[in-house]
Amino acid sequence: MNKSEVLNIFHPAVKEWFLNNIGKPSPPQIEGWPQIQSGKNVLISAPTGAGKTLAAFLESINRLLEMGLKKELPEGVFILYVSPLKALNNDINKNLEIPFQGIRQLFTEKGEAFPDIRKAVRTGDTSQYERTQILKNPPHILITTPESLFLMLTSQKAREILKNVHYMIIDEIHTLLGTKRGVHLALSMERLEALAQRKIVRIGLSATINPLDAAARYLGGLYRDGNSYTERPVEIIAPAIERNKELKIDVPVEDYRVLEQGSVWPDIYALLVKLIHEHKSTLIFVNNRATAEKTAANVNSIADEELCRPHHGSISKNRRLETEELFKAGELRCIIATSTLELGIDVGSVDFIVQVSAPLSVSGGLQRLGRAGHRLSAVSKGVIIPKTRGDLVKSCFLAEEMLNTRIEKERIPVNCLDILAQQIVSMCCTEKWHENDLYNLVRQALSYRTLRENDFRKVLAMLAGDYEHKEDIPAKPRILWDRQNHTIEGSPYSKMLALSGSGTIPDRGAFPVYLEDYKT
């Protein structure tokens, strides 16, 4: 299907809005829309600014519109969008408003009624009142995070509004692929499809992902065919698009071994002030929250004005949104951020990117560099400022890998029993399961494809408290396991545990582990 034909799949008003506001479809849109319309699972990989989000959303929005015009709007959530960052969701909500407002205006001009298509955001930032309203008046489009999806699946009331999901969009899938958080989401995806009792169209999005086939297999999962499991097919859409990049190393001192003030940071702050003044809008990325706060305070102190503000996950929702709006309006020259701004939040035009210290990975560095320009025709410009001699070596290596787009390969974790235990407790909170049914569902997630039944039963035994009882440790069982009837169910205690621990154990951390016979 060529450029002129692909828009014909949409309602005339949707087509008119797109032509008037966007113009020509991008390669991911041309290739993606027909596949999504045909009900196929799709993985879209394209650089930042290639229109991936609209490629994922527009066909499903069009379907909702046509259903609404026929007075057939579904009950409950129809499109589920899952973002790895809660800060990203408010931006996606705004981006959804743009096509909705434009299409609604076209209907108004023609004297036609626009369907009441509702949208909502459900994240850790969402107030209890807003969550209650979501349950009372369910949206047709729900924007959420992996953890909030898990909580909704754990709640008997909340999961009811998910029974009519037809489309599931997983954004920035590369951030999940090689982590236990991704394993956690994979099981939630299978639980959602079992709840809906239909094939859900799965759409994965990423600007930096490697390898594509592994990501597609992760996204699709497996379905049970008799006594065997078959991978769900996923169409990979990865058009050959390359954005122009300019990346330099900017060393803040003459010699790292001879520091006039005993630290490299005063020179870094001075260099940052200079770079901010040289550009209209700058994003500075650092690798942790404390550095973001410290750097913002010192840069503003040197400049004797508010040149920048910090932006990270520990800052309140209102403060983050205020910072984003000021930057977007041109009233703030710079934001100093951690990964909260790495994944494409729309903060307007960004001229320049600064990375203080080497990025943690090639893919992360490319995500950050891609924020500059944010259009396919624009050049992504940025610098890396090393802190030490060792950091300089690492920065040079990563810069070369970034310029050549050599992204690290991700390995999908397999048979993570801690995540399995967490999900089993949640699953048993809402219904009674037969052992075999539970085991078969778990194995539909790619990470548990090779899970042995013996290991599965050991996890059940642990959750049922077998090991604590053997050691005469008083403890409440996490699940109630009826060995005679081969059924498993939860209890009020199980639900409390599931709701109080929705996330995964961090992939990195410094925790001492001692063997039982360890002697100090």
Side-chain angles (χ1 to χ4, degrees), residues 9-15 17-18 32-33 36-37 39 41-42 52-83 86 88-108 112-123 125-127 129-146 148-149 151-153 155 157-171 188-189 191-193 195-205:
I9 69 177
F10 298 117
H11 185 278
V14 177
K15 179 180 178 180
W17 171 84
F18 188 91
W33 285 331
I36 296 170
Q37 186 190 46
N41 300 318
V42 172
K52 295 187 298 297
T53 304
L54 204 55
F57 266 121
L58 200 59
E59 195 282 327
S60 53
I61 290 173
N62 181 77
R63 187 172 172 191
L64 265 179
L65 172 62
E66 292 182 336
M67 293 170 73
L69 293 174
K70 298 176 184 177
K71 309 295 183 183
E72 297 175 354
L73 276 176
E75 293 293 327
V77 178
F78 190 75
I79 303 170
L80 181 70
Y81 173 93
V82 181
S83 161
K86 65 181 180 181
L88 182 62
N89 303 316
N90 297 294
D91 173 66
I92 291 295
N93 196 35
K94 290 178 184 177
N95 286 339
L96 276 174
E97 274 301 322
I98 293 173
F100 271 111
Q101 289 177 359
I103 298 166
R104 186 183 291 113
Q105 182 63 33
L106 291 174
F107 271 77
T108 302
E112 300 176 15
F114 187 79
D116 179 25
I117 299 175
R118 298 182 299 275
K119 305 172 297 299
V121 177
R122 204 289 191 188
T123 72
D125 283 337
T126 307
S127 68
Y129 173 78
E130 291 171 315
R131 295 179 190 183
T132 302
Q133 291 305 305
I134 287 174
L135 298 183
K136 285 184 177 179
N137 193 22
H140 301 107
I141 303 173
L142 179 64
I143 299 161
T144 190
T145 60
S148 289
L149 173 59
L151 290 174
M152 293 185 73
L153 290 170
S155 166
K157 289 183 179 179
R159 70 200 310 265
E160 288 298 313
I161 73 170
L162 299 175
K163 286 186 174 181
N164 212 16
V165 171
H166 279 68
Y167 296 87
M168 178 166 47
I169 302 169
I170 311 296
D171 202 1
S188 292
M189 286 194 286
R191 291 176 62 186
L192 181 65
E193 185 141 329
L195 177 66
Q197 295 185 338
R198 70 170 59 83
K199 178 194 179 301
I200 295 175
V201 177
R202 305 183 185 201
I203 306 168
L205 306 175

**Item:** Pairwise distance CD1(Ile36) to CD1(Ile203) - rounded to 0.5 angstrom
**Value:** 4.0 Å
**Prompt:** Do the non-hydrogen side-chain atoms of Val82 and Met189 ever get within less than 4.5 Å of each other?
**Reply:** no
**Message:** Do Lys52 and Asp171 make a side-chain contact, defined as non-hydrogen atoms from C-beta onward lying under 4.5 Å apart?
**Reply:** no
**Message:** Are the side chains of Arg104 and Gln101 in contact, using a 4.5 Å heavy-atom criterion?
**Reply:** yes
**Separation of Phe100 CZ from Trp17 CH2 (nearest 0.5 Å)** = 10.5 Å
**Fill in**
The reported gap from CG in Leu153 to CZ in Arg191 (rounded to nearest 0.5 angstrom) is 4.5 Å
**Message:** Main chain of Thr123, side chain of Arg131: is a donor-acceptor contact present, judged purely on distance under 3.5 Å?
**Reply:** yes
**Request:** Side-chain contact test, heavy atoms from C-beta onward, threshold under 4.5 Å: evaluate it for Glu193 versus Met168 and give yes or no.
**Result:** no
**Message:** Please check: side-chain N/O of Asn41 versus main-chain N/O of Arg202, any donor-acceptor pairing under 3.5 Å?
**Reply:** yes
**Which residues share a salt bridge (Lys or Arg N to Asp or Glu O under 4.0 Å) with Arg118, sequence neighbours left out** = Asp116
**Asked** Looking at Ser188 and Leu149, what are the two nearest heavy atoms and their distance?
**Response** CB-CD2, 4.1 Å
**Request:** Tell me, with the steps shown, if Glu130 and Val121 meet side-chain contact (heavy atoms from CB on, under 4.5 Å).
**Result:** CA-CA 9 Å; Glu130 291 171 315; Val121 177; over 6 Å; no
**Prompt:** Is the Phe78 to His140 ring centre distance short of 6.0 Å?
**Reply:** no
**Request:** Of all the heavy-atom pairs spanning Leu106 and Ala13, show the shortest one and how long it is.
**Result:** CD1-O, 3.3 Å
Under 3.5 Å, side-chain donor or acceptor atoms of residues 57-69 against the rest of the protein: list the pairs with distances, not counting sequence neighbours.
| unit_1 | atom_1 | unit_2 | atom_2 | d |
| --- | --- | --- | --- | --- |
| Glu59 | OE1 | Tyr167 | OH | 3.0 |
| Ser60 | OG | Phe57 | O | 2.8 |
| Asn62 | OD1 | His11 | N | 2.7 |
| Arg63 | NH1 | Tyr167 | OH | 3.4 |

**Asked** At what distance, to the nearest 0.5 angstrom, does CG of Leu96 lie from NZ of Lys119?
**Response** 6.5 Å
**Prompt:** Between atom OG1 of Thr145 and atom CG of Leu151, what is the distance when rounded to the nearest 0.5 Å?
**Reply:** 8.0 Å
**Heavy-atom side-chain contact between Ile103 and Phe10 under 4.5 Å** = no
**Prompt:** Going by an N to O cut-off under 4.0 Å, is there a salt bridge joining Lys163 and Glu160?
**Reply:** yes
**Request:** Please check if atom CD in Glu75 has more than 12 non-hydrogen atoms from other residues, nucleotides or ligands closer than 6.0 Å.
**Result:** no
**Asked** Rounded to the nearest 0.5 Å, how far does CG of Leu162 lie from CG of Leu142?
**Response** 7.0 Å
**Asked** What is the minimum heavy-atom distance between Trp33 and Leu54, and which atoms define it?
**Response** NE1-O, 3.4 Å
**Heavy-atom pair of closest approach, residues Asn164 and Pro74** = ND2-CB, 3.0 Å
**Prompt:** Thr126 and Arg122: which non-hydrogen atoms are nearest, and at how many Å?
**Reply:** OG1-CA, 3.3 Å
**Prompt:** Closest heavy-atom contact between Ile200 and Ala196?
**Reply:** CD1-CB, 4.0 Å
